[in-house]
Protein chains: 4
Amino acid sequence: MNAAERYAEVRAATEALAAPLSAEDQTVQSMPDASPTKWHRAHSTWFFETFLLAPFAPGYDVFDSTFGYLFNSYYDAVGPRHPRPARGLLTRPSADTIRSYRHHVDREMADFFFCGLPDDLLPLVELGLHHEQQHQELLLMDAKHLLASNPLQPAYQAMNPPTAPAPPRRSWRSFERQVVCIGHDAATFAFDNEQPRHEHLLADYEIRDTLVTNAEWIEFIDDGGYERPELWMSDGWSVVCTGNWTAPLYWTCVDDRWTQFTLHGPRAVSDHEPVCHISWYEADAFARWAGCRLPTEAEWETAAPPPADHSAAALEPNNAENWYGQVWQWTASPYTPYPGFRAASGAVGEYNAKFMVNQHVLRGSACITPPGHARRTYRNFYPPHARWPYTGLRLSR
Amino acid sequence: MNAAERYAEVRAATEALAAPLSAEDQTVQSMPDASPTKWHRAHSTWFFETFLLAPFAPGYDVFDSTFGYLFNSYYDAVGPRHPRPARGLLTRPSADTIRSYRHHVDREMADFFFCGLPDDLLPLVELGLHHEQQHQELLLMDAKHLLASNPLQPAYQAMNPPTAPAPPRRSWRSFERQVVCIGHDAATFAFDNEQPRHEHLLADYEIRDTLVTNAEWIEFIDDGGYERPELWMSDGWSVVCTGNWTAPLYWTCVDDRWTQFTLHGPRAVSDHEPVCHISWYEADAFARWAGCRLPTEAEWETAAPPPADHSAAALEPNNAENWYGQVWQWTASPYTPYPGFRAASGAVGEYNAKFMVNQHVLRGSACITPPGHARRTYRNFYPPHARWPYTGLRLSR
Amino acid sequence: MNAAERYAEVRAATEALAAPLSAEDQTVQSMPDASPTKWHRAHSTWFFETFLLAPFAPGYDVFDSTFGYLFNSYYDAVGPRHPRPARGLLTRPSADTIRSYRHHVDREMADFFFCGLPDDLLPLVELGLHHEQQHQELLLMDAKHLLASNPLQPAYQAMNPPTAPAPPRRSWRSFERQVVCIGHDAATFAFDNEQPRHEHLLADYEIRDTLVTNAEWIEFIDDGGYERPELWMSDGWSVVCTGNWTAPLYWTCVDDRWTQFTLHGPRAVSDHEPVCHISWYEADAFARWAGCRLPTEAEWETAAPPPADHSAAALEPNNAENWYGQVWQWTASPYTPYPGFRAASGAVGEYNAKFMVNQHVLRGSACITPPGHARRTYRNFYPPHARWPYTGLRLSR
Amino acid sequence: MNAAERYAEVRAATEALAAPLSAEDQTVQSMPDASPTKWHRAHSTWFFETFLLAPFAPGYDVFDSTFGYLFNSYYDAVGPRHPRPARGLLTRPSADTIRSYRHHVDREMADFFFCGLPDDLLPLVELGLHHEQQHQELLLMDAKHLLASNPLQPAYQAMNPPTAPAPPRRSWRSFERQVVCIGHDAATFAFDNEQPRHEHLLADYEIRDTLVTNAEWIEFIDDGGYERPELWMSDGWSVVCTGNWTAPLYWTCVDDRWTQFTLHGPRAVSDHEPVCHISWYEADAFARWAGCRLPTEAEWETAAPPPADHSAAALEPNNAENWYGQVWQWTASPYTPYPGFRAASGAVGEYNAKFMVNQHVLRGSACITPPGHARRTYRNFYPPHARWPYTGLRLSR
């Protein structure tokens, strides 16, 4: 698949994900951390317009000169921008206008590919497509949060519950003290934060083959997991108390039975599916309760298989035996630069580097991660209280 | 015009006001005090369904049993309700569904009128229609606030600026000490808070024939009105400082010229139009600066002519000589019950009575007040910091 | 008693009230609305220094030039000031230094009296003494709040509980429609807000002879008074819910028995004492529950006897039959200027006028009000949520 | 020096530090993160009472049974406690009572030492003394914050400014790739978080011999350091904007000259002294601006000399050439458990482990760190926005 084909495929995938959502659904922002669907569609388009078409495509006319202000996310180098918590006030431009915007940019990109987009811009195209894939995942996370906040509990997509999986194995894999190489160095694409590849000294450790399941999590709840401060980081315990946390996000207990809101609407919590929508604080407390700990990201990367090609995506996790395509897995590692890290130059250098504090690294990928987007070296990151991403855990000791 | 005709007319007016707004515009809530257009359309419909059709229309089927929860505004007696600040999260039901809801209720009401709605329910119909008219005004106020928050500054309705009015007269009318009768006692409709009619002793006073204009307000600004604490109530001065108030809401100063956002989009501030979108704090400070004071509501009611029938509505104020149909006029009177006041019984008794604290009375009516909705005895009320209603002032001394 | 004697007496009373409080007690600020004892002692002294000695006493040397900034309360005309919520950070100047400050100013005032303080300054002296008496009451209210916030629940002054009073009478007095004169016009001292004396038209009304008691309040609680929104103003209900109010301030229920914190330490709530430490919201809800209402301030002033001379002060209310010297009584009247009101000129004009919004008038006086400070025309005022003053109620209908 | 002598010495040092502070100074809490001096004196005493005397000293009588609630800091295992932000409300017990409390516990500890405190309790004594030394440093940090918040800017201790130091050398030391051992394993005391000693692989690096100075920091300011978002972490830039940061804490610029508040009162910022009172965000931004980075804690520990014995303490930093005894040095390392870390068992296990998130490690020690308290392996930690500790930096690359 050449760059133009890949471009067309990724861009179409975004529109397919937005299709089940009405213009109204696409406009509202359910919390400051989430963005409207419409905004994701526009912002990922703005990326191509701003970093490729405007500077490099001969004679390119900007679609609308106000969009630079409206759809810049956080690139200070590009100029001022609409404040993040106010993204949900933008009832105009309409979802229809955003569709036109996407068509315009896609047509111009197609022309640019056809007329000879210079090879040295291909990495920027690639970055734009990976960026768009990240926003595909965000689009679903954010839509889920919005729909969950509606008392009607509407489904993004109706679907019968899958067959309940069998209990996973729960075996441990052991590793001996060794110097490993961590990070990306292949010729293929990776974000700047996965580089440079570097040596790291690991002590002996064991890591579990399977993800922690809902059944295990219910055991934790039933054992007073959310009521025992000694299991928690001090900051985590504060959040538990002020947020009245008693279970993962989207879980509710009615008549002693746990239900969770999913993109298919409300469903019973299924025992042997991977637990999802937990914060780092909860993952860390669970691990302590289980007499284990979270793996470091180097331990995870050393133990993990490479991702299978193009696994079919689903909207909710269901297989605790997979390393990828289920839930992002919290690690013990704060998100910091690798030794020798250099941020990419120019505005795209703001992509990852300026978030390297107050976050923890997650590894693997989620069911809603676009096919082909996972890498063994991928470093996802969120602050320790975040629960609206598709987050779970794997134990280490 | 009989009740059924009047019902049809008022209900149609709401839909006409919503028509220029897209489904997206109708869904978003720009601040906790404002509600989405869609919500106003649904809530005013819910009023008829809940207080008339459900209890009294034989065999009435509720359109959707979830709407009672979603579209109750503040009637505690009716049951729990969706929290006010979360009204903007309701992307579902869609604006289209709300249209169907309105059609359903309107059809059922038409049947009910046709089949003999009992006479003793007519006052409740009348109340529902006045209630709906209030929401027509709120719909425009709230839409203006939403559109103003958009960096694109879109117009609700495009229109060329009107001819600038001539300067108004600024004469004073004098009244001598007297016992007056205040409040409503005719057979016609009035809200419970306008009753009972009662005696009130007035001392001598003068009141100005015309509204305070933008030119006068600019004089106040230029004389340091927003910078001199001695002109302000202590609470008002706090709001000025924390809110960085330097002019009425929606005013911006670019290159020494004042512009205001209107429902027709941004426009130059026109000298002889009535000032609009000021808080009680600002009205009070202006009056002090001018060596005058605000009239009490009894003074206003005594001096005011009755409203002309069915004045044609506009979207922005433009005539400082009118007592009605321009801007609501802040009075010196806190909103309290009249002597002998009794709230209406049942849930509709929550309509007015429970807001009789921390608010000031406004008299007259605004350009966006529906035709036929004004009364000389009408008591509108807002907290002293509110600026998004169409609020202005008239001086007294 | 001449002015110099009266000066000495009032000033000494302040020091007597502060005496039971340690330097530590006198320094801490338990909430932004309260001030440290030390600050009250200094601020009331600053009043005499700033408005009398500095401008008028020949050759007066300011005690410390920094005190103008530290101890100005809210007089914008006098210059900038230390922010109110930061008063509790002033560990320096020490309580000892404040004592020296008071001695210095008292000595200079004594000299000024002796050497012939001009007669036209006597009203300012009088104002300063009434001002100081107000701060005597605030000192006790604020100290009570501080001590109550201490888990040790220390008494300001140890004392055995008094004999429990007999149940009060609960009779009603009736008044017919009449034009009354309200406000102060004698040659004696009154604040500007009690003036001018003016006519007011009253309809028929009845007012209760006695204050509402703890026993009645417990009935209200037991009847679900704090759980029924229909009894409350909308804003009041919000405060009940967010503040988890279930009883007056300082009340706690242990093993089904109500205890209250008092300046004598914790004590059982005594049935026939006047209820104290309730907000306007609570007073209003109670009156509605009782099928009555709060009196207006004009009704109160018309019905009230004049205060007895120099009633002996106590620290807690204990007699429900008194109009004065027990608890301030909430009225239905928002605090607004009387017709024809003019604020005093100069900085002292900021004394009352700039607070005439968002407050309700209280009448009578409290057990901690200094002897001789009560007047039938006295207008005390607090915002409707305030509970730390000594506030109670009397019913009307 | 035996344990009893060391106990007496450390305990006396606390009292000496508190001596210049009045009872009022010792009572007030200037922000939620700071504690009153009196509280520090009581809490460190409570540690000995709770963990040594009460469980182990035969026949020990608790001094006051309420103190367990009042002076527990964060030990959930010990029971409920007074909320941290309310420590400043405790005007009682008085500073005098706390002195008695300390005498009581010291006398009982002396008896316990004399009568044969079991050897296996000596580590707990040692922990209590190190704990007390940490509170000695906190006492000074917190007192500085309180005094700085006073408009009078009082000195903790008057003292003439020292001779301005000469400019430091600014040379770099180089290290080659190697596996180092990090952490404490000697028989001497260390906190649990410094253990276990473990291997760590270091790449090549250089580290500067000297601390960053005020002169360098002024260069950073003058080059727009606080105005250029590209130098900052995203979270840091938020704090700069919302907190209006333009210089280190306690710095003010008057007439183009920088002044800083010190424990000796206000002083001119001296060029060649180490910069102090900066957050991690500022340290990180400075390093980026300088084309360098912060060292990791392993790099720091590898490069640092051991601390000299019993260096004399000062109240403000003045020598940029020292590794210890000036300012704590921010590292690039988030505070996480060492591989194989186990928290101490029992309540003292809450000492360090539950804070291992959202903090960064600082190395070295400060001028106000008690003599003998520094270690090469010492891991101090604060959240990245903290500025009131004595914090500075050293560059790496």
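If you're wondering where the values come from, they're calculated on a predicted model, not measured in any experiment. Lettering of chains follows the sequences in order, A, B, ..., and the numbering in each one begins at 1.
Two residues are said to be in side-chain contact when any heavy atoms from C-beta on lie closer than 4.5 Å; D:W39 and D:H82 fail this criterion. A heavy-atom distance below 4.5 Å is found between the side chains of D:W330 and D:H360. A heavy-atom distance below 4.5 Å is found between the side chains of D:L138 and D:M141. Looking at A:F381 and A:N352, their side chains come closer than 4.5 Å, going by heavy atoms from C-beta outward. Using a 4.5 Å heavy-atom cutoff, the side chains of A:R387 and A:Y281 are not in contact. Taking the side chain as every heavy atom from C-beta outward, A:W328 and A:P389 never approach each other to under 4.5 Å. For the pair D:H130 and D:F191, the minimum side-chain heavy-atom distance is below 4.5 Å. With a 4.5 Å cut-off on side-chain heavy atoms, D:Q359 and D:M356 do not count as touching.
Salt bridge A:R379/A:E194: absent, no basic N to carboxylate O contact under 4.0 Å.
Residues from residues 225-245 of chain D that place a non-hydrogen atom less than 4.5 Å from a non-hydrogen atom of chain A comprise D:P229, D:W232, D:M233, D:S234, D:D235, given in numerical order. Using a 4.5 Å cut-off between non-hydrogen atoms, the part of residues 176-183 of chain A that approaches chain D consists of A:R177, A:V179. At a heavy-atom separation below 4.5 angstrom, chain D is approached by A:E199, A:H200, A:L201 within residues 195-204 of chain A. When the heavy atoms of residues 334-344 of chain A are compared with those of chain D, the residues falling under 4.5 Å are A:P334, A:T336, listed by number.
Partner of A:F286 under the side chain to side chain contact (heavy atoms under 4.5 Å, CB included) criterion, out of A:L395, A:I278, A:L294, A:V275: A:L395 alone.
If you look at D:Y382 and D:W280, their ring centroids are not closer than 6.0 Å.
Between the side chains of D:R87 and D:S35, at least one donor N or O lies within less than 3.5 Å of an accepting N or O. D:W289 and D:D223 share a side-chain donor-acceptor pair at under 3.5 Å. One side chain, D:E282 or D:S279, offers a donor N or O that lies under 3.5 Å from an acceptor on the other.
Contacts between A:Y205 and chain D at a heavy-atom distance below 4.5 Å are absent for every atom of the residue.
Taking every heavy atom of both residues into account, A:A34 and A:W388 meet most closely at CB-NE1, 4.4 Å. Here the closest non-hydrogen pair linking A:A283 and A:L393 is O-CD1, 3.6 Å. Of all the heavy atoms in A:H131 and A:H43, the pair that sits closest is NE2-NE2, 3.0 Å.
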